[in-house]
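The structure under discussion is supplied below as structure tokens; questions concerning it will follow.
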2 protein chains.
Amino acid sequence: MAIGIKEIARLAGVSTATVSRALSQPARVSPETRAQVMAVVEQHDYRANSFARSLRVRRADAVLALVPNLGNPFFSEIIAGIQEGLAPAGIDLLVTDSLSQQVRRQSPVGHLQAARADGLICLDGGLPAEVLDELAASDVAGRVVFACEWPEGRHFTTVRSDNRAGMALAVQHLAALGHRRFALLTGPAGNVLTQERRQGAVAALAAAGLSLPPEAIAGGSFEIRDGYRAAGALMRCAERPTAILCASDQLAIGCISGLSELGIRVPEDVSVVGFDDIALAAYSRPPLTTIRQDRRRLGRSAAERLLDSLAGRPAAEPLTTLPVEIVVRRSTAPAPGRG
Amino acid sequence: MAIGIKEIARLAGVSTATVSRALSQPARVSPETRAQVMAVVEQHDYRANSFARSLRVRRADAVLALVPNLGNPFFSEIIAGIQEGLAPAGIDLLVTDSLSQQVRRQSPVGHLQAARADGLICLDGGLPAEVLDELAASDVAGRVVFACEWPEGRHFTTVRSDNRAGMALAVQHLAALGHRRFALLTGPAGNVLTQERRQGAVAALAAAGLSLPPEAIAGGSFEIRDGYRAAGALMRCAERPTAILCASDQLAIGCISGLSELGIRVPEDVSVVGFDDIALAAYSRPPLTTIRQDRRRLGRSAAERLLDSLAGRPAAEPLTTLPVEIVVRRSTAPAPGRG
DNA sequence: CCTGCCGATGTAAACGATTGCCAGCAATTA
DNA sequence: TAATTGCTGGCAATCGTTTACATCGGCAGG
């Protein structure tokens with residue numbers, strides 16, 4: 001089918017070694033020979049078989065990204081960032097999701113063991129312990145980077161946003177608007193982002209002399225639907241909150257939607273802050289005040305970290321924390337009665 | 001580093017041939033031998049080097065998905081569907097975007113030529129002609145499937161949604177509500193979906209005895225921002241439309257946002273219909289009436305089509321058109337004055 | 001003129017699996 | 001008893017590269 005190096009060598013009247021060298025280390029062959037080889041190469045647009053090459057050099061030139069759920073649009077921007085970081089190095093990107101891995105009972109480490117990928121970028125902080133143990137094995141750990149989420153109590157290279165600082169920004173913004181009664185819509189239980197953001201919120205509230213009563217905490221996923229559902233629950237609190245902190249923009253949008261069903265106006269009656277700044281945040285009604293995390297940069301940074309590590313220049317600091325910022329739009333306003 | 005088949009063979013006291021057979025054709029070795037081999041295999045959790053295997057069997061067990069823009073969340077669901085269709089067959093998914101390919105001046109065909117991927121699923125209908133020519137080459141064409149978008153005037157295997165029927169459903173719904181003055185927010189010029197959807201709209205309007213004046217057509221991308229911008233333009237029409245057909249949900253959401261800035265209420269003053277039924281459509285305000293296309297199924301179907309084709313059972317019909325349906329929510333209402 | 005060196009090229013051995021072919025052996029059949 | 005059949009398992013070629021090492025002129029220095 002496809003033409004091979006032997007045939008190119010024959011047509012150019014040189015040995016296969018020379019063809020190989022003409023392509024990968026041009027300085028090693030004389031200009032005339034190189035031109036001669038290149039002519040034949042281009043004429044047949046020959047491309048070296050990547051498997052033979054990978055087999056020989058023991059390098060896949062590919063990395064695997066493991067995503068909790070490929071269908072979740074939240075991750076697309078991160079994936080794009082990863083791709084962006086990988087492309088200049090000519091590294092290919094394989095993707096798969098944790099779900100299908102589990103279903104097929106195979107571990108992502110398989111790809112590394114089979115030499116199919118040189119490294120792994122993992123966006124799922126909730127991997128089972130036995131998988132984490134595999135990843136922590138000495139010959140694998142150096143080829144793994146966690147991005148966005150990460151498993152607790154482990155020591156993998158990790159790139160993440162400053163989740164606590166983000167929640168602190170949200171709290172400060174709302175407190176400055178005079179809000180005193182807060183509620184929190186959290187993500188899934190056990191998720192590390194849920195915990196970080198909650199702790200960030202609690203700490204910032206404490207710093208402002210405020211607290212978060214247990215009944216003012218709802219949620220349980222990052223999904224729109226749960227934001228919608230939780231709106232009702234929060235409004236049944238004895239002390240109705242005037243400000244709702246959400247662990248994701250999706251939760252915030254669902255929540256606003258649920259509030260409006262109840263005849264509660266945002267931001268007049270209640271202020272809502274999201275987290276992430278997804279594309280739609282600016283165009284939801286009302287436009288959402290939220291914490292922006294640069295997901296593309298997160299991905300790019302993870303890719304670069306991994307590339308460094310694969311090239312044998314491990315970062316001094318295994319933990320990279322990217323800054324976040326607050327984007328004030330129109331879902332937040334002064335607390336009622338302080339107009 | 002990783003253990004090889006030779007070592008496994010030695011430890012199990014058999015030849016490499018037997019190890020290979022024990023793993024890939026268990027029936028070919030006796031139960032005792034198999035057990036013996038498997039014990040050693042599991043003890044070292046040996047995984048055959050995928051490159052050596054691919055080199056020998058001349059199969060990558062991987063396909064490449066080419067996406068116009070990885071960062072666009074619209075595609076994530078399709079990608080998830082592709083992965084879903086590929087996983088049962090044990091095929092890996094490589095992804096890249098058209099943009100980074102262009103920047104690096106390399107064609108996606110390169111991956112096929114280099115034997116890195118067995119096939120290509122292309123979500124970008126706007127590839128340059130020379131790339132399409134490469135793809136149409138006889139030894140490549142059978143390994144390519146277009147999904148969602150497709151290039152016109154070519155004969156690639158294609159899986160798509162019934163875009164025309166979708167627009168017809170939208171028109172019929174609005175016409176039944178008494179609307180007579182329509183506007184259309186289109187996607188990017190030259191995009192095949194833009195054309196299909198426009199033609200679907202025009203045809204359905206004609207069937208209802210209605211027409212679409214040129215000044216009632218705006219847009220130019222599928223992005224939110226352009227929906228927002230276009231809202232103003234449409235409202236400056238001499239004959240203000242009472243119904244706006246949008247080529248994407250993002251356009252619709254942007255448009256509604258723009259209309260609300262102008263003090264125009266949806267659906268009281270103007271009805272708006274989207275296209276796609278993205279996750280947020282149900283939770284935007286008002287909840288969006290839209291045409292649902294099953295993006296996951298689209299991806300799955302494309303993967304299956306490609307797998308069939310790679311396995312040498314090409315479909316009788318190169319074109320697969322998936323049904324769409326209308327989801328009526330609250331962004332549409334009877335035309336003003338017909339309460 | 002000889003020696004040594006250097007740059008350009010070729011030779012051939014890996015890389016790690018799969019698989020066609022064949023041999024050995026036991027069980028079945030004539 | 002001899003011949004046939006069927007099942008196991010080993011040998012070795014093969015997939016298409018890369019690269020260590022050998023080779024071969026040519027040229028400069030002695």
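Within every chain, numbering begins at 1; the chains are lettered A, B, ... in the order of the sequence lines, protein sequences first and strands thereafter. Treat the numbers as computed from the prediction; the structure is a model and nothing was measured.
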Name all residues meeting the salt bridge (charged side-chain N to carboxylate O under 4.0 Å, His left out) criterion together with B:Arg296; count only those two or more places apart in sequence or in a different chain, and write none if there are none.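 B:Arg296: salt bridge (charged side-chain N to carboxylate O under 4.0 Å, His left out) contacts with B:Glu77, B:Glu84.
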First and last nucleotide of DNA chain D, 5' to 3', lying under 4.0 Å from heavy atoms of chain B: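 Contact boundaries, 5' end first: D:dT8 to D:dG16.
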Ring pair (Phe, Tyr, Trp, His ring centres under 6.0 Å) contacts touching residues 121-156 of chain B (sequence neighbours left out):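 Every ring pair (Phe, Tyr, Trp, His ring centres under 6.0 Å) pair that includes a residue of residues 121-156 of chain B, provided the two are not neighbours, is B:Phe146-B:Phe156.
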For A:Ala147, side-chain contact (heavy atoms from CB on, under 4.5 Å) partners two or more places apart: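 A:Ala147 satisfies side-chain contact (heavy atoms from CB on, under 4.5 Å) with A:Ile121, A:Leu123, A:Ala302 once adjacent residues are dropped.
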N/O (side chain, A:Arg59) to phosphate O (OP1/OP2, C:dC15) under 4.0 Å: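 For A:Arg59, the contact criterion (side-chain N or O under 4.0 Å from OP1 or OP2 of C:dC15) is not met.
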Residue pair A:Asn72 / A:Val67, side-chain heavy-atom distance below 4.5 Å: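 No. Closest side-chain heavy atoms not under 4.5 Å.
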Donor-acceptor pair, side chain of B:Ser161 and main chain of B:Asn163, under 3.5 angstrom: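 The answer is no, because no donor-acceptor pair under 3.5 Å joins these two groups.
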Non-neighbouring partners of B:Arg295 that pass salt bridge (charged side-chain N to carboxylate O under 4.0 Å, His left out), sequence neighbours left out: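 Partners of B:Arg295 by the salt bridge (charged side-chain N to carboxylate O under 4.0 Å, His left out) criterion come out as none, since no residue qualifies.
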End-to-end bend of the helix from C:dC1-D:dG30 to C:dA30-D:dT1 (five-pair axes, 10° rounding)?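 Answer for the end axes of this duplex: 50°.
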Can you tell if the side chain of B:Thr96 reaches within under 4.5 Å of the side chain of B:Ser100, non-hydrogen atoms only?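 Answer yes - side chains close enough.
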Nearest atoms (heavy-atom pairs only) where B:Pro68 meets B:Ser98: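 For B:Pro68 versus B:Ser98, the nearest heavy atoms are CA-OG, 3.5 Å.
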Report the residues that fulfil salt bridge (charged side-chain N to carboxylate O under 4.0 Å, His left out) with A:Arg53, sequence neighbours left out, ordered by chain and then residue number.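 A:Arg53 satisfies salt bridge (charged side-chain N to carboxylate O under 4.0 Å, His left out) with A:Asp61 only.
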Can you tell me how far C1' of C:dA17 sits from CD1 of B:Ile3, to the nearest Å?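 The answer, rounded to whole Å, is 15 Å.
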B:Arg154: partners by salt bridge (charged side-chain N to carboxylate O under 4.0 Å, His left out), with sequence neighbours left out: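 Counting only residues at least two positions away or on another chain, B:Arg154 forms a salt bridge (charged side-chain N to carboxylate O under 4.0 Å, His left out) with B:Asp133.
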Got a list of side-chain donor-acceptor pairs under 3.5 Å for residues 305-313 of chain A, not counting sequence neighbours?
| residue | atom | partner | partner atom | Å |
| --- | --- | --- | --- | --- |
| A:Arg305 | NE | A:Thr320 | OG1 | 3.3 |
| A:Arg305 | NH2 | A:Thr320 | OG1 | 3.2 |
| A:Asp308 | OD1 | A:Arg313 | NH1 | 2.2 |
| A:Ser309 | OG | A:Gly142 | O | 2.5 |

Could you list by number each residue of residues 5-22 of chain B showing a heavy-atom separation from DNA chain D of less than 4.0 Å, or answer none if no residue does?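 Of all residues in residues 5-22 of chain B, the ones placing a heavy atom under 4.0 Å from DNA chain D are B:Val14, B:Ser15, B:Ala17, B:Thr18, B:Arg21.
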Closer than 4.0 angstrom, basic N to acidic O: yes or no for A:Asp92 and B:Arg116?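 Answer for the salt bridge query: yes.
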Any ring pair (Phe, Tyr, Trp, His ring centres under 6.0 Å) pairs touching residues 118-142 of chain A, not counting sequence neighbours?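 The answer is none; no pair qualifies.
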Which parts of residues 46-57 of chain A get close to DNA chain D, meaning a heavy atom less than 4.0 angstrom away?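 Close to the strand are A:Tyr46, A:Ala48, A:Asn49, A:Ala52, A:Arg53, A:Arg56, A:Val57.
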